[in-house]
Amino acid sequence: MTLMFYNTLSRKKEKFIPIEKNHVRLYTCGPTVYDSAHIGNFRTFLFEDLLKRLLLFKNYSVTHIMNITDIDDKTIRRSNEDGITLKELTHKYTDLFFSDSTWLKILPADKYPKATDHINEMIQMIQKLLDRGFAYVANDKSVFFKISNYPDYGKLIYIKSNLLQSSNRIADDEYEKDSPQDFALWKAYKPADGDVWWDSPWGKGRPGWHIECSAMSMKYLGQYFDIHCGGVDNIFPHHENEIAQSCAATSANFVKMWMHSEHLQIEGDKMSKSEGNFYRIEDLKKQGYTPEVIRFLLLNGHYRTKLNFSLSKRTEAEQAIQRIINIKSKLKTFKIKEENKSGPISEHQKNFISALEDDLDTPKALAILYIWIKDTFKEIDKNNFNKINVQAGLNFLEVVENLLGIIPPKINIPEKIQKLVDKRLYAKKKKNWEVADLIRQELIDLGWKLEDTVDGTVCKPI
RNA sequence: GGCGUCGUACCCAAGUGGCUAAGGGACCGGUUUGCAAAACCGUUAUUCGCCGGUUCGAAUCCGGCCGACGCCUCCA
């Protein structure tokens, strides 16, 4: 089946056909490194990770670029507050972002270009926009994009530019511009910027926010590329502005498919830093969350619906994951008898993939996975599973893991624990139930539980 | 004011015109087991926020209402 993705540009599910055969060029909006990323940011990054994993599974080669925004109002403000240089601040949070991403099993991008390393590219693009009459230099030497000269403005947000209503925030803007809707390409230096500035044809200053993504995506992916992702909040103004400035600069199309993930809510409320209702990865890690549990919770809702993240759902996710671990362990340990018949060829794997191919329908894919698990247990109980079925099952679980990343890696049993397990097994053989149960309790206290099965005793961490 | 999303069991969540409304978690009963765990079997929505309409037929399309929510200049 072909891939279908919802394109924000058309507001419809569309067949995905890459511009270049077998090669997908993907740009995902990265973090602004002024603070640690929170679980909401990671919902978006996880959605993008799933998208990429699916593209790779479909045998596309993927060139994935994720920007690091290391210069903007927030980074400057934060570095002043913390009394450290902008570089010190952004390096700290960039490193943290990478370690959180790795811990969450997010596949790395091919390149993470930083805004501050691409000031020249941005200046060139701004110059081009000035030359073509889509931008102007204001009295204070800032450069703005002139929306009134760009009639296509409003493609993503579905609004005619003349209907854009200005909010109070615009009135507070300290820069001078012709029209309130015009956005900054280059911001003239202000004393509050400290020693953060670059030279430009228009004087000292720093780039506006939107221009970095246009300049860097074009540099690494070309003028026109396949997919650009981000959170829904980026639709306007960020992505709208990116489209305007990119298309105005090149007179060509910019991005074929825009994909956006919905917001995550926390304990039923909108996540907001001012209210303090957000979780960082390190917070969850401290509470004992595993990457798999977080991934499961975030992938359990479709990426285009609002999802509520609640600490109370943790057990639910752990139980659900445990079921996957159980079937895997069953497939690995049960002894296949020669006379076992072959079970029915499973259609579930195909259906699982089809669900993901249909605009990344993870809840449906998970449902199919659980139907498969149930069927597999049944067939095994009926002795209808032979070597080929077992191998097919294990292969399927590998596919599931490659796509969703929700199956924990095998845990090695420490020697000390194994010795206790053996000791109990001996007592059990002698039908010395008291001793066996005592050791089992001892193991539980040490954090390991036992399952006696017909194929032997299985030891699992709690 | 403009643009847009959502409302399916105790909780989470698929399904967007047609076989008995997926699946997970939770709960209860049973089988199995030395006991436990795991697994299996069964039970939990004659009904999809409410009211109308279209249709042979709607959770699914249309209209209205109620409720929750997002964006409208720098928040993933």
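Just so it is clear: chains get the letters A, B, ... in the order the sequence lines come, proteins before strands, and each one is counted from 1. Only a predicted model underlies this, so the values are computations on that prediction, with no experimental measurement involved.
Going from atom CD1 of A:I371 over to atom P of B:G25 covers 13 Å, rounded to whole Å. One can place CD of A:E442 at 22 Å from P of B:A36, the figure rounded to the nearest angstrom. Following rounding to the nearest Å, A:K460 (NZ) and B:A37 (C1') show an atom-to-atom distance of 8 Å. Put simply, CZ on A:F42 is 18 Å from P on B:C75, counting in whole angstrom units. A:W448 has its CH2 atom 19 Å from the C1' atom of B:A36, to the nearest Å. One interatomic measurement links the two molecules: OH of A:Y93 to C1' of B:A76, which rounds to 18 Å at whole-angstrom precision. If you measure from atom OH of A:Y27 to atom P of B:A76, you get 13 Å, rounded to the nearest angstrom. If you measure from atom CG of A:L297 to atom P of B:G25, you get 13 Å, rounded to the nearest angstrom.
Only the P atoms considered, B:A39 is 42 Å distant from B:C71, to the nearest whole Å. The C1' atoms of B:G25 and B:A68 are separated by 24 Å, rounded to the nearest whole Å. Nucleotides B:C41 and B:A22 place their P atoms 16 Å apart, quoted to the nearest Å. Spacing of P atoms, B:G67 relative to B:G30, comes out at 47 Å, to the nearest Å. B:A21 and B:U8 are spaced 8 Å apart, taking the C1' atom of each and rounding to whole Å. Rounded to a whole angstrom, the distance from the C1' atom of B:C72 to that of B:U60 is 31 Å. B:A9 and B:G24 have their C1' atoms separated by 13 Å, with the value rounded to a whole Å. B:A26 and B:U73 are spaced 45 Å apart, taking the P atom of each and rounding to whole Å.
Across all strands shown, A:L264 has heavy atoms under 4.0 Å from base atoms, whether or not it also approaches the sugar-phosphate. Residue-level contact check: A:I368 touches neither bases nor backbone, having no heavy atom under 4.0 Å from any strand. Residue contacts for A:R77: at a heavy-atom cut-off of 4.0 Å it reaches no nucleic acid atom on any strand shown. When heavy atoms are screened at a 4.0 angstrom cut-off, A:Q319 is found touching the sugar-phosphate backbone but no base atom. Using a 4.0 Å heavy-atom cutoff across all strands shown, A:G40 reaches at least one base atom of the nucleic acid. Residue-level contact check: A:R11 touches the backbone only, with heavy atoms under 4.0 Å from sugar-phosphate atoms and none from bases.
Between A:R304 and A:Y34, the residue whose closest nucleotide on RNA chain B is further toward the 5' end is A:R304. RNA chain B is contacted by both A:R43 and A:D452; A:D452 maps to the nucleotide lying nearer its 5′ end (nearest heavy atom per residue).
Distances shown here put a side-chain N or O of A:K74 below 4.0 Å from the OP1 or OP2 atom of B:C75.
Between the side chains of A:E267 and A:Y279, at least one donor N or O sits under 3.5 Å from an acceptor N or O. Side-chain contact of A:N308 with A:S310: a donor-acceptor pair under 3.5 Å is absent, judged by distance alone. Between the side chains of A:D359 and A:Y303, at least one donor N or O sits under 3.5 Å from an acceptor N or O. For the residue pair A:Q287 and A:D283, no side-chain donor N or O sits within less than 3.5 Å of a side-chain acceptor on the partner. Checked by atom type, the side-chain pair A:H263/A:D233 shows a donor-acceptor distance below 3.5 Å. For the 3.5 Å distance criterion, the side chains of A:Y153 and A:N241 qualify, holding a donor opposite an acceptor. Side-chain contact, A:D422 with A:Q418: a donor N or O sits under 3.5 Å from an acceptor N or O. Donor-acceptor pairing under 3.5 Å is recorded for the side chains of A:N67 and A:E212. Checked by atom type, the side-chain pair A:T75/A:D72 shows a donor-acceptor distance below 3.5 Å.
For A:F225 and A:F254, the ring centers are positioned less than 6.0 Å apart. Aromatic pair A:F309/A:F42: ring centres not closer than 6.0 Å.
With a 6.0 Å cutoff to the six-membered ring centre and a 45° limit on the axis angle, A:R323 does not count as a cation-pi contact of A:Y370. Remark: A:R304 is positioned above the aromatic ring of A:Y6, its terminal NZ or CZ atom under 6.0 angstrom from the ring centre and at most 45 degrees off the axis.
Helical stems of RNA chain B (runs of at least 3 Watson-Crick or G-U pairs, donor-acceptor distances under 3.5 Å) are listed by first residue: B:1-7 with B:66-72, B:10-12 with B:23-25, B:28-31 with B:39-42, B:49-53 with B:61-65.
Checking B:C35, B:A76, B:G23 against every side-chain atom of A:Y370, the shortest atom distance belongs to B:G23. Nearest nucleotide to the A:Q181 side chain, out of B:G4, B:U73, B:G24: B:U73. Distance from the side chain of A:F236 is smallest for B:C71 among the nucleotides B:G34, B:A22, B:C71. The side chain of A:A367 lies closest to B:A22, out of B:A38, B:G34, B:A22.
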Provide a list of protein-nucleic acid N or O atom pairs under 3.5 angstrom, restricted to nucleotides 6-14 of chain B.
unit_1	atom_1	unit_2	atom_2	d
B:A14	OP1	A:H302	N	3.3
B:A14	O3'	A:D361	OD2	3.1

Between the protein and nucleotides 28-30 of chain B, which nitrogen or oxygen pairs are less than 3.5 angstrom apart?
none

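Residues passing the salt bridge (charged side-chain N to carboxylate O under 4.0 Å, His left out) test with A:E14, sequence neighbours excluded: none.
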Handout entry: Per-nucleotide protein contact string for nucleotides 39-44 of chain B, where B marks a base within reach and S marks sugar-phosphate only (heavy atoms under 4.0 Å, - for neither)
Key = SSS---
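Residues A:K330 and A:I380 approach most closely at CE-CG2, 3.8 Å, considering heavy atoms.
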Exercise for the section: Walk me through it: do A:W372 and A:F396 pass the test ring-ring contact (aromatic ring centres under 6.0 Å, His included)? Expected result: CA-CA 10 Å; A:W372 172 79; A:F396 179 38; 4.8 Å; yes
Could you go through residues 455-462 of chain A and list every donor-acceptor pair under 3.5 Å that involves a side-chain atom there, pairing it with any protein atom two or more places apart or in another chain?
unit_1	atom_1	unit_2	atom_2	d
A:D455	OD1	A:K335	N	3.3
A:T457	OG1	A:D452	OD1	2.9
A:K460	NZ	A:N326	OD1	2.4
A:K460	NZ	A:E451	OE1	3.2
A:K460	NZ	A:E451	OE2	3.2

